[in-house]
Amino acid sequence: MNFKLRVWRQEASEAKGRLVNYYATDVSPHTSFLEMLDIVNERLVEKGEDPIAFESDCREGICGTCSLTINGEAHGPDHPGAACQLYMRRFKDGATITVEPFRARPFRLVRDLVVSRSALDRIVQAGGFVSARSGSAPEANSIPVPKHDADLAMEAAACIGCGACAAACPNASAMLFTSAKVSHLALLPQGNAERTARVLRMVGQMDAEGFGNCTNTYECEAVCPAEISASFIAKLNREYALATLRKKSGM
Amino acid sequence: MLGIGQSRLTVLNPTFSLPPRPTQPADRILIVAPLSAFYRSSIGKKFVVAVTGVILIGFVVGHLLGNLQIFFGPEYINSYAEKLRSLGVLLWVIRAFLLVTVVLHIYFTIRLAIDNRRARPTAYAKKDHVKATFASRSMTLSGLIVLAFIVYHLAHFTVRVADPRFALLKADPLNRYDVYSMMVYGFQNALVSAFYVIAMFLLTLHLSHGASSFFQSLGLNDKKMTPRLARGARVFAWLIFAGYTSIPVAVLLGLVRPAQQL
Amino acid sequence: MIGELEAKVPAGPLETKWSGYKDHARLVSPANRRKLEVIVVGSGLAGGSAAATLGEQGYHVKCFCFQDSPRRAHSIAAQGGINAAKNYQNDGDSVFRLFYDTIKGGDFRSREANVYRLAEVSNLIIDQCVEQGVPFAREYGGLLANRSFGGAQVSRTFYARGQTGQQLLLGAYQSLCRQIDVGTVKMYSRTEMLDVVLVEGHAKGIITRDLTSGEIEVHAADAVVLATGGYGNVFYLSTNARGSNVTATYRAYKKGALFGNPCFTQIHPTCIPVSGQHQSKLTLMSESLRNDGRVWVPKTKGEQRSPAAIPEAERDYYLERKYPSYGNLAPRDISSRSAKEACDEGRGVGPGGRGVYLDFADAIARLGEPTIRERYGNLFDIYEKITGEDAYQQPMRIYPAVHYTMGGLWVDYNLMSNVPGLHVIGEANFSDHGANRLGASALMQGLADGYFVLPYTLPTYLAGQIGKRPSIDHPAFREAETDVRARIAKMIEVNGTRTVDSFHRELGLLMWDRCGMARNTAGLREALGRIPALREEFWRNVRIPGHGAEYNQSLERAGRVADYLEFAELMCIDALERDESCGGHFREEHQTPEGEALRNDEKFAAVFAWEFQGNGTIEPPRLHREPLHFESVELTQRSYK
Ligand SMILES: Cc1cc2nc3c(=O)[nH]c(=O)nc-3n(C[C@H](O)[C@H](O)[C@H](O)COP(=O)(O)OP(=O)(O)OC[C@H]3O[C@@H](n4cnc5c(N)ncnc54)[C@H](O)[C@@H]3O)c2cc1C
Ligand code: HEM
Ligand code: HEM
Ligand code: SF4
Ligand code: F3S
Ligand code: FES
């Protein structure tokens, strides 16, 4: 198969970027999208040009490292799935494919298609944890957790932290990411004690990072490789309002 | 005190220079004044939009029911209008309340829109949407056009400066202002009617998203309800459209005629 | 020169060694902990849990990872589960049984005392993770669920959907985040460690490269902990993440740390086969598939028909034929080798003849498609995503792939290497898994090391180190930094014609053929002849575009491949020297008539720990042996007939 690629090239964070055309020729339909980029890069290096910088690690959809906007969709057209799980057989032979980085103000561009997503780490640092010192835990079965709650918590916890939600959101909002972590911990008894402070601080940090505001467009849930449901955003809104009330009443 | 540690919202990862941090010491606000922190937060602002949105929806429904009385003849609608006016001070209280609601709704939506624009300084060269509907992406635009409509509409039917003929209208047999005839004359102008229909369409667009969206904003949604609410909102919005546009359409088709000649 | 290897195992009966150790270990007072700095390289299960715990205890911790976030460490990819001796199923499990299974699974090539301690703390791990909010699978009553996993007769594996590694890592990551928030841990993401710095023989710092800016940085500390994971990517294709590498441990090896059992690698039988030349990684399919799938290849060589067109009589269900009692559930290494044999005979299927069928037709006929869909739906989906084939309609194709490396830096009972101050945890050390690792035991080991072992053993070293942290102006730092810079400059200057990946691919293929699932003297000697030549070509002909002072992925990879090109040689030497078969190390010369690994306990019941020789050059390494003594278990020959 043959493809025309329009790839975002930008040497460094402050440099000016632009779309550059490349041609990927003779690509097997069983090649993954990232492997196709590998091939393009090998040829670029052989020609003495700078390869296209893009990130990946696990290449099986779990680490959340890959971060490409392909033809205007975060992670490309094969939802649900990360960019590394996209295969060329998904495209028409001869197609033109536009590849851009994940765009949102807090995702500072590092090079070409690589962005920094440490803003998401800082949101978790603001409270996305249970303060359980190693060695202080009670026997694991001492607090039964209803299966329904445990399963729902797992659904929320499945977030791979890729940032596609913010990249795809028309408002560059990180609500789906934040809601997933808040919901995961709020659904479990172990997370209950810090529930109020957690949601207030995490939302505070999310806003401080410069993400946009959710206007309930649900684009995030459509591109989320972990199929995190936007209904967790409703849960986050609820948690936040209740936390404010609890704070207000001095609890 | 916060349950979690003792810390500031600062960048602790020294490896990167990050976007400049806002100066607001968010944690202190959270502790000292949870409510003001609430309204500063993205979620709090959305709450205001949602609550004012619900009030506005209430008004839109009530106003529609009032207006539909035109089909029962001048008797009904004129006396309805009269009753409203006889509320006196209360009417002004309601108007003030509505005004504040609209102002808040607009103020917060515009602020959100500005933030959102800032949140993506470099736009995508190519952007596709998988699930985000056109309506949901054009809330500010549809809202602003509705606002423009409201301004015109107030000039038209409330202050009655938009149409010189309204000044010529006589009181009705019970000596009330003849709202009925005013509306009919107003809509006999095809251009005016067309503008109303277009505005109603944008309102419909706005509500087709807004009428389900507020459940989510207020945290009243879950996974099962999302598709149902979305469908419900669309049906609701189109009912509103049908209701409102039926009036100019009926006038233009000559189904409703003026009660007095000018 | 290194003398006798001292494992420092406490005296006393196996059951009380660890508690006795804890009762008498040296401690560091809270006031002094604030004065001590610890470098933790790696933020996976081992590094993440260690950094968080040490931070909680009040040490100043600097934690490093090359990914853009500590949450992306390779541990995230583990699917199956984590073992613990909780005996929640009341099916006869116990600490001793978990210990015994692990020792036996490792084919009696691990240290008894370490493995017993691992089994002992396994239960604490589950408690800890549940408290952190890890959403383990639960039963309707709200209590924790278990599943059974290969190599065990009890159900002791805890799991969180098919994402156990992810959830455990997020638990550790969240604890780490908490410490970052309170300021006890400083996180350096996208930072790669390129060397250890020794001051007067003690590990007192590291040299790193900031991958974003290319800046070379120097960090001093009172102790260094390596938790940098496995080196399966020496084979180029493996189930490991693309970034997994040997650099940190290999550079430590070159600074004098001993490398233990480098040739011990585990091959996983059920992976999706290679589809073409440009494949960049292999994807693991859960072994559970073997519960219902039947493995077969055509009886005739070069069979061209589609699987459905091959009649029953012309299929060879070789596992059922050769191992009638275990059949398709034969252990990982046996089933991997049998697949390779079938393909070597020319009976393999799919592109390049490197695959065997895993057929669900019988299971579907017996149980119905809905049942199969319920059991394996997500795996079938992954398979379809990657291959474009529908495994409900046609058999899956599977092939073995490199999965885990049991070898690593040699450590004593304190998890300290022979270099004082240099501690090694998780997959990076030569580990508790001997010659073969049981499923669901790597996660257990990583977290045991990080949460419950290192925090007790590190103070043993640190207690004597207060006030001894050198300044980064010490000549040792400057020297190491200069070396690192020189190496990078040299690599870029080559400016040849071949890409980094082309070298890596060539090396990987060679290693897979000659030092993979089955090894023999001739093959290993051949590899030992070819690796230096390839290495020489690398340093003469590699092309790395750009320069060192920028974000440069080619340069990152080149550094890792350069280390693999040296390390591969060490692996082959070790494989050649270990003239027996054991666990995942299969020397064709040593097998039972049934084709089983044939151990030679008399000569090889020992850890092989290699010492780097050479100065700017690579000389044949020096072998040290740590004899393994078994007091609580009897060495047996396994049989799966
Ligand atoms: C696909 C797959 C499935 C698996 N499933 C299971 C399972 O079900 N059960 C089980 O028990 N085990 C399983 N394993 C094995 C298990 O996941 C690993 O052995 C274990 O997670 C290793 O953890 P670690 O902390 O030692 O290393 P890793 O998680 O690999 O972490 C290494 C860390 O070191 C850092 N690092 C490495 N080099 C450098 C450097 N030079 N400079 C700076 N930082 C560096 C990395 O950034 C990373 O943070 C599986 C493995 C794979 C590949
Ligand atoms: C076909 C559609 C509509 C008709 C026929 C109509 C008619 C009228 C009339 C007759 C009045 C004057 C009432 C009076 O002064 O006694 C009025 C007032 C008003 N209308 Fe409408 N209207 C329509 C649509 C709308 C819509 C869609 C909105 C808002 C979104 C709206 C908002 C208002 C407001 C805010 C007032 C002023 C109320 C007040 O006096 O306080 N109208 N309308
Ligand atoms: C009579 C007029 C109006 C009504 C009935 C109305 C109603 C609503 C409702 C119900 C919502 C959904 C709230 C939510 O999502 O939680 C909403 C959202 C919104 N409205 Fe309005 N609105 C009106 C006018 C306007 C105007 C004049 C603007 C002008 C800017 C506007 C802009 C928005 C925007 C941008 C949103 C999206 C925010 C969101 O989805 O939360 N609206 N509106
Ligand atoms: S919520 Fe989904 S899209 Fe967002 S970071 Fe998590 S996995 Fe990625
Ligand atoms: S796409 Fe954006 S608008 Fe909200 S629902 Fe998702 S965050
Ligand atoms: S590379 Fe790990 S999710 Fe894509």
Side-chain angles (χ1 to χ4, degrees), chain A residues 6 8 19 69 71-73 79 98 100 103-106 108 116 118-119 121-122 125-127 131 170-173 193-194 196-198 200-201 203-219 221-223 229-231 233-241 244 247-248, chain B residues 2-5 9 11-13 15-19 21-22 24 26-27 29-31 34-35 37-38 40-47 112 115-133 136-137 139 209 212-213 215-223 225-226:
Chain A
R6 297 164 69 224
W8 186 262
L19 285 170
T69 303
N71 277 344
E73 290 179 44
H79 307 293
T98 307
E100 292 177 82
R103 294 197 190 283
R105 182 162 73 113
R108 201 178 63 113
S116 160
S118 44
D121 288 326
R122 286 189 295 276
Q125 284 158 24
S131 299
N171 313 319
S173 161
E194 293 164 301
T196 301
R198 176 181 306 119
L200 294 178
R201 289 194 61 208
V203 169
Q205 186 68 40
M206 174 182 80
D207 291 348
E209 294 290 347
F211 286 106
N213 309 283
C214 173
T215 57
N216 310 330
T217 65
Y218 303 137
E219 186 66 9
E221 99 178 337
V223 302
S229 161
S231 59
I233 295 181
K235 181 161 177 61
L236 172 62
N237 293 335
R238 196 159 61 235
E239 288 283 324
Y240 189 78
T244 304
K247 264 275 78 103
K248 178 88 180 127
Chain B
L2 285 170
I4 306 168
L9 293 170
V11 187
L12 284 159
N13 183 338
T15 325
F16 294 102
S17 57
L18 281 140
R21 300 195 57 86
Q24 96 188 44
D27 264 15
I29 294 178
L30 289 181
I31 298 160
L35 271 185
F38 183 79
R40 263 173 232 224
S41 74
S42 55
I43 294 178
K45 287 182 210 146
K46 279 291 312 238
F47 255 75
L112 289 173
D115 280 357
N116 292 346
R117 191 145 278 213
R118 281 208 195 116
R120 182 167 291 132
T122 317
Y124 284 107
K126 184 176 160 79
K127 180 83 181 101
D128 252 12
H129 296 277
V130 187
K131 203 164 191 176
T133 57
S136 72
R137 286 182 280 124
M139 288 300 274
H209 177 65
S212 61
S213 175
F215 286 96
Q216 174 87 352
S217 299
L218 298 176
L220 306 171
N221 192 10
D222 69 25
K223 202 169 180 173
M225 291 230 313
T226 311

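Numbered from 1 within each chain, the chains take letters A, B, ... in sequence-line order. Just so you know, these numbers come straight off a predicted model, no measurement behind them.
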* Based on non-hydrogen pairs under 4.5 Å, which of A:Ala104, A:Gly212, A:Ala172 is most in contact with chain B? -> A:Ala172
* To do: Go through the steps for B:Lys131 and A:Glu221 under the test salt bridge (charged side-chain N to carboxylate O under 4.0 Å, His left out), then give the verdict.
  => CA-CA 8 Å; B:Lys131 203 164 191 176; A:Glu221 99 178 337; 2.6 Å; yes
* **Flag side-chain contact, heavy atom, 4.5 Å: B:Val130 against A:His79** => yes
* Asked: Between A:Asn216 and B:His209, what is the shortest heavy-atom contact and its length?
  -> O-CE1, 2.9 Å
* So, for A:Pro170 and B:His129, which heavy atoms are closest and what is the spacing to 0.1 Å? -> CG-CE1, 4.3 Å
* Asked: For the residue pair B:Ala123 and A:Glu100, what are the closest heavy atoms and their distance?
  -> O-OE1, 4.3 Å
* Between B:Phe47 and A:Tyr240, is any pair of side-chain heavy atoms under 4.5 Å apart? -> no
* Asked: Any side-chain donor paired with an acceptor under 3.5 Å for A:Ser231 and B:Asn221?
  -> no
* Structure fact -> Whatever's closer than 4.5 Å to a heavy atom in chain B on A:Tyr218 counts as both
* Asked: Passes side-chain contact (heavy atoms from CB on, under 4.5 Å), B:Asp128 versus A:Asn71? Steps please.
  -> CA-CA 7 Å; B:Asp128 252 12; A:Asn71 277 344; 5.5 Å; no
* **Residue part contacting chain B, namely of A:Ile233, when any heavy atom lies under 4.5 Å** => both
* Looking at B:Lys126, B:Arg118, B:Arg120, which makes the most heavy-atom pairs under 4.5 Å with chain A? -> B:Arg120
* When A:Asn171, A:Thr217, A:Asn213 are compared by non-hydrogen pairs under 4.5 Å with chain B, the top option -> A:Asn213
* Structure fact -> Looking only at A:Val223, A:Thr69, A:Thr98, most heavy-atom pairs under 4.5 Å shared with chain B are made by A:Thr69
* Structure fact -> Note: A:Thr215 and B:Lys46 closest approach over all heavy atoms is CA-NZ, 3.5 Å
* Spatial distance of atom OG (B:Ser41) from atom CG (A:Asp207) [nearest 0.5 Å] -> 6.0 Å
